[in-house]
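Below is one structure, written out as structure tokens, with a few remarks after it.
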Amino acid sequence: MPSRMLTVEGRRDVHEKVSVWKRAGLRVGFVPTMGALHEGHLELVRQALRENDRVVASIFVNPLQFGPNEDFTRYPRTLDVDSRMLDSVGCHAVYLPQVEEMYPSGADTHVVQEVAPKYLCGEFRPGHFTGVLTVVAKLIAQVAPHVLYLGRKDFQQVVAITRMVRHLDLDLELEVRACATVREPDGLALSSRNRYLTPEERTVAPTIKRALDAVVAKFAAGEHRVDVLEAHGRLVLDAASAFRIQYLQVVDSETCTPRVLGNAIALRTDTVAVAAYLGSTRLIDNVPLTGS
Ligand code: AMP
């Protein structure tokens with residue numbers, strides 16, 4: 001079947017296309033990605049299609065959000081398959097900026113946020129959220145959509161971006177929608193990085209979700225002391241003897257601030273989040289304490 005999807009490479013071209021749609025009174029949703037697409041990404045596109053007249057996805061492996069020893073060069077790049085997947089679900093346009101288009105030499109401004117990036121992944125990936133917020137702010141300026149679609153799988157990213165666009169902060173006129181995490185039947189959250197896992201690692205990877213569920217179950221059973229909840233989750237992960245845990249923490253869902261910094265009592269509105277290495281693959285996941 002011939003492709004109906006538009007492919008755009010220049011920032012002016014994407015801006016112009018979206019402007020034409022907006023002048024025609026159409027509502028535009030936007031789904032930023034780094035490619036290596038899977039069902040999790042496609043669910044964001046499908047939700048955007050249900051709620052908007054036109055949907056733009058972007059694919060850009062953002063060098064600014066990778067640390068010097070991280071997987072920027074080996075990050076999977078599967079552009080042809082990605083384009084076919086986006087086309088097959090009915091995405092209207094894909095924006096594929098080049099690094100030189102996004103960061104021309106001489107670019108001198110970054111978006112630095114104070115609170116959320118201090119914790120969780122921010123503690124282990126210095127500069128990561130500055131890279132994420134800078135590219136997302138630029139993508140929002142370039143595409144100028146009505147609605148931005150993000151996955152809750154990257155909970156801290158949702159928090160940081162939501163705080164960046166709000167009236168208190170950069171006042172970007174845009175709605176943010178956070179969509180449910182899409183999982184494999186055994187609970188493993190879909191991720192572009194899952195393809196790094198060996199078959200043996202893949203069989204133990206769902207322990208991450210089981211550890212989170214164990215914390216949720218203990219909270220539901222009446223245990224609200226944060227240290228006890230976190231220790232319980234770590235025990236489940238440690239029992240698999242395969243993970244190197246970076247953090248397993250109960251945090252405030254609005255700010256990512258760890259509850260241990262306060263009175264160490266978990267609230268119903270909190271989130272339990274985890275990052276752990278399985279071999280050389282870093283996996284992250286989270287669930288609200290009320291479960292999902
Ligand atoms: P990425 O390409 O990994 O940067 O992700 C692009 C968008 O897809 C982000 O908003 C992610 O949170 C979202 N996403 C990634 N994995 C999932 C998943 N398993 N379920 C839902 N959304 C996801």
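Every number for a ligand or one of its atoms is a count from 1 in the order of the listing. Positions are given from 1 along the sequence.
For residues 53-74, every residue pair satisfying the side chain to side chain donor-acceptor pair (under 3.5 Å) rule, not counting sequence neighbours, is listed here: Asn62-Gln65, Asn62-Tyr103, Glu70-Arg125, Asp71-Arg193, Asp71-Tyr196.
Taking a heavy-atom cut-off of under 4.0 Å, ligand 1 is surrounded by Pro32, Thr33, Met34, His38, Gly40, His41, Leu44, Tyr75, Leu150, Gly151, Lys153, Asp154, Gln157, Ala180, Thr181, Val182, Leu190.
Counting only distance, with no hydrogens or angles, the side chain of His232 and the backbone of Val215 share no donor-acceptor pair below 3.5 Å.
A 6.0 Å sphere centred on CZ of Arg202 holds more than 12 heavy atoms belonging to other residues, nucleotides or ligands.
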Counting only pairs under 3.5 Å, give me each side-chain donor-acceptor contact of residues 105-116, with atom names and distances, residues two or more places apart or in other chains.
residue, atom, partner, partner atom, Å
Gln113, NE2, Ala160, O, 2.9

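Every residue two or more places apart in sequence or in another chain that forms a side-chain contact (heavy atoms from CB on, under 4.5 Å) with Val165 is listed here: Ile140, Ile161, Leu172, Leu174, Val176.
Asp285 pairs with exactly one of Lys153, Arg152, Arg210, Arg183 by the salt bridge (Lys or Arg N to Asp or Glu O under 4.0 Å) rule, that one being Arg183.
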